Structures are given as C-alpha cells and as structure tokens.
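Note that the coordinates shown come from a computational prediction; the quantities given were computed from them, not determined experimentally.
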Amino acid sequence: MPTPSRRAVLTGAAGLTAASVLPVPVAGAAAAPARVRLTREEHRVVIIGSGFGGGVAALRLAQAGVPVTVLERGRRWPTGPNAETFPHVSGLDKRALWYGTLPAAVRPLAQLIGTPLNFAPYVGLLEPVLGQNILGVCAAGVGGGSLVYQGMTLQPSEAVFDTWLPQGLDYRRMNEIHYPRVANTLRVATAPDELVGSSTYYAARVFAERIRRAGYGLEKIPMPVDWRYALAELRGEMKPSYTNGDCALGVNNGGKHSVDVTYIRQAEATGKVDVATHHNVTSVARAADGRWEVHADRTDDTGLVVEQKILSARALVMAAGSMNTSKLLVRAGATGAVPDLPDGLGEGWGTNGDRIYTWTNLQEDFGAEQGGPVVYGSKEWDDPQSANTIIQASLPPLGTNTRTTMLVGFGVSADRGRFRYDAANDSVSLRWPQGGDAACHGGIQRRIARVSAGLGVLTDTNSLVNSTWHPLGGAPMGTVCDLEGRVEGQRGLYVLDGALIPGTTGACNPSMTIAAVAERAMDAITAHDIDTII
C-alpha cells in the first residue's frame with residue numbers, strides 16, 4: 001500500500017483523535033500504544049457490520065459484481081462437532097462480554113444468574129449499552145446477532161405488518177419473494193417430534209400443555225437449525241449443546257445456520273468480499289469530494305489498538321446494528337462530519353416490546369437439562385394494535401435448580417426513544433421514556449401469568465433491569481431513509497440493519513424482517529444504484 005501523504009496523515013489523525021472520546025464499546029479495553037501506524041485505503045463499498053443486514057448486502061453486491069469490504073469489530077467464531085468456541089452460560093468467561101463492559105445497572109441481573117461477570121478485556125460476544133431507563137444489548141462477531149440469538153425465524157402477518165411498518169414495502173410481494181428467500185438461505189425448520197418427545201425436552205412439552213390449557217394457539221417455531229445435530233447428541237455422538245440448552249451464547253456443535261455460515265460464507269465464496277475482523281469503527285464522515293470516510297481502530301483480542309485506518313469508499317452501508325449505527329450517524333451529524341443529515345436522525349427507536357421471565361414451577365420438575373433452543377410459541381395476533389408472541393426458551397444447566405425455565409414475549413408498541421448528542425462529552429446517549437411499552441408489556445404479562453399459574457414463582461427480569469435484546473430504529477425508513485435504506489440527501493449512504501426499522505417488527509423477533517427488508521432493498525440497489533452511485 002502506498003505511504004499516506006502528509007495531509008492525509010494529519011487529517012486522519014485529527015479525526016481519529018476526536019473519535020477516541022466517543023463512547024463506543026472499547027471502554028475497559030487496553031489503551032492504544034503511544035504510536036500506531038496510520039494507513040489509508042480506497043474501496044468501492046464499505047459495509048460496517050456483518051449481521052443480518054450487512055450479510056445480505058455483502059452477498060447481493062458481490063453477486064452483482066461489486067467488490068465489498070466488510071468491517072467487523074469482533075472476531076470469527078468457528079464451530080463444529082464438540083467445539084469449544086463459545087462460552088458456556090454455566091461457566092461464563094471473558095468471551096461473553098465485549099471488552100468486559102458491564103454497566104452497574106446490570107449487576108442485579110448478574111446476581112440472578114449467579115456470576116459477577118467481571119472479566120478481562122476481550123473481543124467478546126455481547127455489549128450491554130446503558131441508556132436512560134433502558135439497557136440495550138448488542139452483539140459482536142462475524143455474523144452479528146445471529147451468533148447469539150435463539151433463532152426464532154418469525155414472519156408477521158399481513159395485518160400486523162401493515163399496521164406497524166410502511167405499507168409501501170408491499171407485504172404481499174415480500175411474502176412471495178423476500179421472506180421465502182431469507183427462509184431458504186437460513187434453511188429454517190421446526191424441531192422433529194422425535195426430538196421433542198425426548199426426556200430433555202420436557203420443559204417444552206409442559207409449556208405446550210399449559211398453552212393449550214389456557215386456550216391459546218400453539219405452534220412450532222421455525223428455526224435456522226439442522227436438527228440432525230441435536231438428534232446426534234441424543235445418540236451420544238456429540239457433546240450436548242442443543243439438548244441441554246447450552247446454546248444461548250452460540251451453538252458449539254454447529255448446525256445453526258447463522259449469518260456467518262450462510263450469507264457471509266456465500267459472499268466470501270464469490271471472491272468479491274473481504275471481511276476485516278477486529279476493526280472497530282470510531283467515526284464516519286463525508287469528504288469534500290463526496291466520498292465516504294470511515295475511521296477505524298484495528299485491535300487485537302484484548303482491545304489494544306495496533307493500527308488506525310481511514311477507509312474511503314464510493315458507497316457506505318451502515319449495518320452495525322441499531323445502537324451503533326445510530327450512535328455513529330448522530331455524532332457525525334452533530335459534529336458536522338456529515339453535513340445535512342435528515343432532521344429525524346436518532347428518532348423512532350423502540351425495544352420491539354421485549355420481555356423476559358424466569359418461571360420456577362414448584363409443581364413439576366423440568367429436569368437437570370432442558371433441550372433447546374426453542375420449540376413452541378403462541379401468537380396473539382388477531383388485533384394488530386396489541387399483537388404479541390410468547391415462547392418458552394431453554395435454560396442451560398445452572399446447578400441444582402431443575403424447576404426453572406425461561407419464558408419470553410415480544411409485542412407491538414407505539415412508544416419510542418431517541419438518541420441525543422452531548423457536545424460537552426462528545427458522546428451519544430439513548431433516552432427511553434419512563435414506563436415505555438407499558439401497554440404492550442401488560443398484554444404479555446397477562447398471558448404469561450396465565451400459562452405459569454399455580455404453585456411457583458414468575459420473575460420479570462425487566463423489573464430488575466429494563467432491557468431489550470432487539471433494539472430497533474434510530475435511522476428509520478420513512479423519515480431518515482427511503483424504503484431501500486438510502487439516507488435522504490446523502491448520495492451513496494445506506495442504512496440496512498435494525499436502525500432502519502421503526503421500533504418494532506410486528507410481534508416477532510426482528511431477524512427475519514431485517515433480513516427480508518434488506519433483501520428487498522438490495523434488489524432495488526443492485527438494479528438502479530450500481531452504475532450511478534456504487
């Protein structure tokens with residue numbers, strides 16, 4: 001690579017110095033050495049993030065013949081039979097947390113699961129980001145949130161979709177083309193009866209019986225899982241991972257069709273995509289010539305900065321997830337690094353109505369092991385204004401407590417938060433209204449309480465730490481972006497992740513809709529933008 005010019009070095013160094021105070025998730029990481037190399041690179045397209053949005057964008061651009069560089073702040077997490085890539089919930093270690101970040105507000109939840117979560121800095125899987133009245137959880141690693149999500153691959157009904165998402169997306173066309181495309185790529189399937197009937201899936205069967213007894217609808221949940229791996233575990237051919245529920249922080253045995261082994265793997269196979277791991281983006285800017293500049297720290301596994309980079313590109317795709325995409329763009333707009341960003345930037349943020357419960361059932365023993373990740377769910381979607389879904393999710397082996405499992409709900413809500421820039425601290429924070437999502441949570445609580453009725457204890461973990469694992473919005477379509485993720489007034493700038501979704505995905509966990517919206521967007525972008533913008 002050519003040596004950077006003096007002007008490039010000075011300009012880049014100034015930008016990187018300013019970005020170093022942005023509260024991006026390197027808090028607690030090792031400090032940068034006194035001198036690190038500063039390099040400058042030219043690219044056609046840069047994608048920040050490798051989750052559902054970034055993975056779709058990388059593959060479809062590559063198939064259209066466009067060379068792409070994907071920046072991922074985390075590491076790769078390769079799996080296979082009997083691998084030990086991911087941490088175990090029953091024995092958490094540094095791999096669990098992004099540089100050991102743990103806000104004080106999370107400590108009650110840490111105590112609930114019996115661990116201090118006090119680890120050395122590492123490019124771990126999960127980053128808790130504390131806002132006002134809310135904690136958002138973000139993933140890191142090639143594959144993004146698909147590494148750690150339980151895998152529910154749910155598609156909203158047309159009525160719920162059209163009530164909460166722009167009707168211009170054309171649900172019927174997405175139902176014919178884009179949702180099925182995602183389902184085929186992720187190879188979704190429901191758990192076979194042979195597996196569900198085994199002893200370790202007793203908790204799932206109890207949940208199903210309770211749902212039926214309450215008069216609610218019951219169905220199996222499509223999952224991006226090759227269930228043959230779980231059946232092999234039952235036969236003793238692999239160490240347990242699915243069948244003992246030890247998959248909340250990634251499935252060590254493989255067989256889970258996460259983004260890294262589907263979209264990203266296919267994208268890399270084209271020869272057009274380079275995935276750069278350990279690249280933590282600190283700021284984005286628009287250069288005087290209209291090209292996009294991305295400032296990134298290349299780190300080692302402990303967070304030590306070993307190189308600073310300025311990457312220039314004709315097109316920039318923001319796919320770092322709702323929290324980080326929003327923070328980067330809000331700061332860029334407030335500081336003038338990207339002039340004339342839309343006024344609605346930072347608005348329209350929602351929690352997807354997330355609610356997580358632990359249910360201790362003193363009438364029945366679930367057993368020492370609970371098969372997972374998820375088998376059954378129950379939808380209440382007749383009224384799109386109050387739609388919600390509840391599911392049972394396995395808990396990993398946690399000592400002698402054999403009577404507790406996890407119940408999860410998500411629903412629709414009109415409540416929204418916002419990101420704001422603080423010039424005094426050069427930081428971006430999230431503000432969520434006190435009591436937000438109360439109506440949505442009331443509907444979920446009513447149903448889950450009925451299902452878990454009887455002798456036992458139902459604990460709402462959100463009452464300990466109000467949190468969401470499915471942050472959405474911050475750069476939503478209809479105000480900041482068009483329906484294809486093009487940022488209004490910003491040629492060559494796209495948002496193709498959860499930040500694009502206005503706060504909810506219609507009583508479903510977001511993965512399926514984020515990916516389907518990205519698939520729809522890429523159809524238009526590859527057809528119309530490549531020759532003129534990309």
Side-chain angles (χ1 to χ4, degrees), residues 19 21-28 48-49 51 53 73 97-99 101-106 109 126-140 144-145 280-284 318-335 341-356 410 413-438 440-441 461-462 464-477 479-481 495 497-505 510 514:
V21 296
L22 177 68
V24 291
V26 290
I48 303 175
R73 62 179 179 161
L97 284 178
W98 174 253
Y99 292 134
T101 50
L102 185 65
V106 184
L109 194 57
L126 298 174
E127 176 204 4
V129 179
L130 186 62
Q132 184 181 65
N133 301 316
I134 193 68
L135 177 82
V137 182
C138 314
N280 185 54
V281 174
T282 57
S283 66
V284 297
M318 304 295 297
S322 167
M323 303 291 287
N324 289 306
T325 285
S326 298
K327 288 199 298 181
L328 287 167
L329 288 179
V330 166
R331 182 176 181 273
T335 60
L341 282 167
D343 291 339
L345 183 64
E347 307 287 338
W349 186 88
T351 69
N352 203 49
D354 281 6
R355 213 70 176 176
I356 300 176
F410 19 81
S413 172
D415 291 327
R416 297 290 179 266
R418 60 185 59 85
F419 292 89
R420 287 291 180 263
Y421 177 71
D422 181 352
N425 299 310
D426 189 27
S427 63
V428 177
S429 60
L430 173 62
R431 302 176 184 179
W432 177 250
Q434 182 72 37
D437 289 342
C440 166
H441 291 166
T461 67
N462 292 76
L464 301 173
V465 178
N466 191 31
S467 64
T468 178
W469 292 68
H470 300 134
L472 296 169
M477 60 179 73
T479 54
V480 176
C481 302
V495 173
D497 61 8
L500 183 64
I501 307 296
T504 181
T505 49
I514 290 173

**Request:** Report the residues that fulfil side chain to side chain contact (heavy atoms under 4.5 Å, CB included) with A334, sequence neighbours left out, ordered by chain and then residue number.
**Result:**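 Residues passing side chain to side chain contact (heavy atoms under 4.5 Å, CB included) with A334: Y421.
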**Item:** Listed partners of T325 passing side chain to side chain contact (heavy atoms under 4.5 Å, CB included), at least two apart
**Value:** M318, A320, L329, V495, D497, A499
**Request:** Compute whether any side-chain donor of one residue and acceptor of the other, for S467 and D354, lie under 3.5 angstrom apart.
**Result:** no
**Item:** Between CZ on residue R431 and CZ on residue R418, distance to nearest 0.5 Å
**Value:**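 Rounded to the nearest 0.5 Å, the CZ-CZ separation comes out at 8.5 Å.
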**Request:** Calculate, to the nearest 0.5 Å, the distance between atoms CG and OG1 belonging to L135 and T351 respectively.
**Result:**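 Between L135 CG and T351 OG1, I get 12.0 Å after rounding to 0.5 Å.
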**Option passing side-chain hydrogen bond (donor to acceptor under 3.5 Å, both in side chains) with S413 (candidates T504, D437, N352)** =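 In the set T504, D437, N352, the residue that makes a side-chain hydrogen bond (donor to acceptor under 3.5 Å, both in side chains) with S413 is D437.
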With the side chain counted from C-beta on, respond yes when [X] and [Y] share a heavy-atom pair under 4.5 Å apart, and no when they do not.
{"X": "L430", "Y": "V129", "answer": "no"}
{"X": "N466", "Y": "R355", "answer": "yes"}
{"X": "Q132", "Y": "S429", "answer": "no"}
{"X": "T505", "Y": "H470", "answer": "no"}
{"X": "P510", "Y": "I501", "answer": "no"}
{"X": "M323", "Y": "F419", "answer": "yes"}

Quick check: closest heavy atoms across [X] and [Y], and the distance to 0.1 Å?
{"X": "L345", "Y": "A475", "result": "CD1-CB, 4.0 Å"}
{"X": "R73", "Y": "N280", "result": "CB-OD1, 3.8 Å"}
{"X": "S322", "Y": "G473", "result": "OG-O, 2.7 Å"}
{"X": "G53", "Y": "I514", "result": "N-CG2, 4.1 Å"}

**Asked** Ignoring hydrogens and geometry, is there a side-chain-to-backbone donor-acceptor pair from R416 to P502 under 3.5 Å?
**Response**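 Yes, the answer is positive, given that a donor and an acceptor are paired below the 3.5 Å cut-off.
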**Message:** Determine whether a donor-acceptor pair (N or O, by modelled atom type, separation under 3.5 Å) exists between the side chain of S326 and the backbone of G346.
**Reply:** no
**Asked** Can you name the residues that form a ring-ring contact (aromatic ring centres under 6.0 Å, His included) with W432, not counting sequence neighbours?
**Response** W349
**Asked** Counting only heavy atoms not in D422, do more than 12 sit closer than 6.0 Å to its CG atom?
**Response**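 Check passes, neighbour count above 12.
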**Request:** Evaluate the criterion side chain to side chain contact (heavy atoms under 4.5 Å, CB included) for residue pair R331 and D426; output intermediate values, then yes/no.
**Result:** CA-CA 8 Å; R331 182 176 181 273; D426 189 27; 2.7 Å; yes
